[in-house]
Amino acid sequence: MKKITVSALVAALFVLFQACSEKIETDLTKTAFIPKPVSIAATGTAFEIKKSTVIYVQEGSEQLLHTAGILAAEIGKVTGQTRVQTVSEAPSKGIYLAIQENDDLGKEGYELNIGKKLITITGTNAAGCFYGVQTLLQTLPVNTSLEEPLYLATGTVRDYPEYGYRGAMLDVARHFFTLEEVKQYIDFLAMYKMNALHLHLSDDQGWRIEIKSWPKLTEIGAQTEVGGGEGGFYTQEQYKELVQYAADRQIMIVPEIDMPGHTNAALASYAELNCDGKARDLYTGTEVGFSTLCTDKEVTYEFIDDVLRELAALTPGEYIHIGGDESHVTAHDDYVYFVNRVQKIVEKYGKKVIGWDEIANAELVDDATVQFWADVKNTTMGVEKGAKVLMSPAARAYLDMQYDSTSQYGLHWAGYIEVDHGYNWDPATLVEGVTKENIIGIEAPLWSETVSNIDEAEYLVFPRLPGYAEIGWTAPAQRNWDEYKTRLAKHGKRFEALGIDYYKSALVPWEE
Ligand code: NGO
């Protein structure tokens with residue numbers, strides 16, 4: 001009888017084990033990536049992640065180190081611990097993150113190469129590397145235990161986004177969300193390669209950011225919220241912490257001060273901002289369109305100058321959002337005069353203007369962006385005036401719209417948005433006269449009249465958010481609902497593992 005060596009036996013057992021174990025997936029193309037990458041090529045073997053697997057980082061980039069830290073924390077959950085080390089040259093095994101110029105991949109692109117011994121993630125910049133890491137994380141099985149060996153299918157993903165702005169909004173004014181809750185929201189965006197978080201920081205019901213030169217905004221204006229709860233605000237120190245937390249995940253925060261309407265909280269805090277010089281009462285209802293700053297008082301512009309100066313100093317990102325929606329009690333000419341002046345203040349502090357589509361009624365400064373939410377005429381007028389467009393059509397992309405009439409939370413003034421309806425549209429063809437060249441990207445806003453904390457918000461955010469992320473990232477020709485829903489179905493387990501209270505839409509074949 002032929003002698004069987006120990007190593008041959010081990011090899012045979014390994015093959016047997018591989019064949020028997022459903023855990024080992026060697027076909028990378030079967031991974032349910034969201035957003036869908038530009039290209040995936042499988043090589044049919046597997047990389048084993050062990051406790052000893054080291055994450056190597058090309059030396060010289062703080063941002064890469066942060067990204068490696070985030071990757072190590074995630075892999076550490078399945079291996080117990082994972083070490084990060086900077087190196088000056090590519091290693092021969094382990095996981096390696098590096099920045100490498102690659103004209104084919106554009107500014108945020110990356111290549112993820114999973115070999116049998118070495119996983120390499122190269123991004124054209126730090127953002128690209130971060131996205132490559134997110135893709136790698138989606139290849140990790142959900143719910144693995146520390147005892148089981150962990151294999152990843154090998155192959156190459158090459159990838160880059162369709163749009164440069166891929167965002168979501170959180171309304172922290174109608175209901176206040178704590179720092180921890182906003183960080184959780186940021187984590188959701190990061191998982192799906194979104195890169196902008198628009199914070200709606202002020203509205204009739206609350207002012208949520210400390211402004212040192214106008215302290216009563218928070219002493220008075222932050223003290224309540226919809227329904228009469230206690231409200232809250234971010235100190236400038238806390239806000240900086242959020243900005244940094246987001247930046248570590250390649251997300252820019254776009255702060256919004258909504259004006260001249262949606263300003264009751266400010267009008268309650270300072271009597272002089274009202275035309276009649278009388279402070280308003282705090283407001284905890286959900287009506288819109290009843291408040292306005294006094295557009296012909298100089299103090300109004302001194303106020304805005306101070307607010308925007310302090311806000312710009314807290315904002316490394318390029319944009320400041322000036323709101324401008326639903327100013328129903330501001331006369332048209334006053335509105336135009338006001339928006340013209342406020343845009344100049346934003347420019348003075350070195351930032352680009354974004355506003356809801358109504359701002360197109362003003363003369364727009366260069367580089368202004370109009371956020372389409374409701375009015376096609378405003379939006380096309382904005383384009384004619386040379387503005388860019390951010391696509392947030394309420395009837396498609398509002399995260400606060402209900403799924404159907406049985407939805408627990410949400411509104412339905414713009415209709416119901418089931419998961420397929422939220423996914424099945426193309427920003428570049430939705431509005432006649434607004435084409436890809438005009439569009440900076442897409443943003444899904446979550447207004448918070450009906451949700452008061454992150455757990456309630458999760459029901460509206462998931463499972464629609466990944467779909468908006470994919471619309472922003474993946475070319476329309478590569479997207480189709482029937483295929484997408486099978487990938488989304490596999491993310492249900494991920495949501496559960498993260499404790500996300502998602503809406504289990506009957507349209508998605510969720511995996512048990
Ligand atoms: C509108 C309104 C908001 C509401 C939201 C609710 C815009 C831009 N202004 O969208 O104040 O909260 O609808 O869906």
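Since the structure is predicted, the reported quantities are computational estimates derived from the model, not experimental observations. Counting starts at 1 for both ligands and their atoms, following the listed order. As a basis for the values below, the full set of heavy atoms in this structure was taken, side chains included, without hydrogen atoms, waters or symmetry mates.
- In this structure, the protein non-hydrogen atom closest to atom 11 (O) of ligand 1 is Arg174 NH2, 2.8 Å.
- For the side chain to side chain donor-acceptor pair (under 3.5 Å) with Ser291, the qualifying choice from Asp204, Asn264, Asp258 is Asp204, the only one to do so.
- The N/O atoms of Trp373, backbone and side chain alike, include none that comes under 3.5 Å of an N/O atom in ligand 1.
- Taking every heavy atom of Leu411 and a limit of under 4.0 angstrom, the matching atoms of ligand 1 come to 6 (C), 14 (O).
- Where the criterion is an N or O separation shorter than 3.5 Å, residue side chain and backbone included, Trp413 meets it with respect to ligand 1.
- Here the protein heavy atom with the shortest distance to atom 6 (C) of ligand 1 is Asp400 OD2, 3.3 Å.
- In this structure, a donor-acceptor pair under 3.5 Å is present between the side chains of Tyr503 and Glu418.
- Contact annotation: His262 has at least one heavy atom less than 4.0 Å from an atom of ligand 1.
- Any N or O atom pair closer than 3.5 Å counts here, and Trp356 shares no such pair with ligand 1.
- The aromatic rings of Phe462 and Phe495 are tilted relative to each other, their planes meeting at an angle between 30° and 60°.
- Among all non-hydrogen protein atoms, the one lying nearest atom 9 (N) of ligand 1 is Asp325 OD2, 2.7 Å.
- No hydrogens or angles considered: nothing links the side chains of Gln343 and Glu363 as a donor-acceptor pair under 3.5 Å.
- A side-chain contact (heavy atoms from CB on, under 4.5 Å) with Ser448 is found for exactly one of His200, His175, Glu456, namely His175.
- For atom 12 (O) of ligand 1, the closest non-hydrogen atom of the protein is Glu449 OE2, 2.6 Å.
- A heavy-atom distance below 4.5 Å is found between the side chains of Leu364 and Val370.
- Those atoms of ligand 1 that come under 4.0 Å of a heavy atom in Met401, given as number and element, are 14 (O).
- The protein non-hydrogen atom at the shortest distance from atom 2 (C) of ligand 1 is Glu326 OE1, 3.1 Å.
- When hydrogens are left out, the protein atom nearest atom 10 (O) of ligand 1 is Tyr398 OH, 2.7 Å; that is the closest non-hydrogen contact.
- Ring planes of Trp356 and His321: tilted class, angle from 30 to 60°.
- Results of the side-chain contact (heavy atoms from CB on, under 4.5 Å) test with Ser213 over Asp306, Val307, Asp305 single out Asp306 as the only residue that passes.
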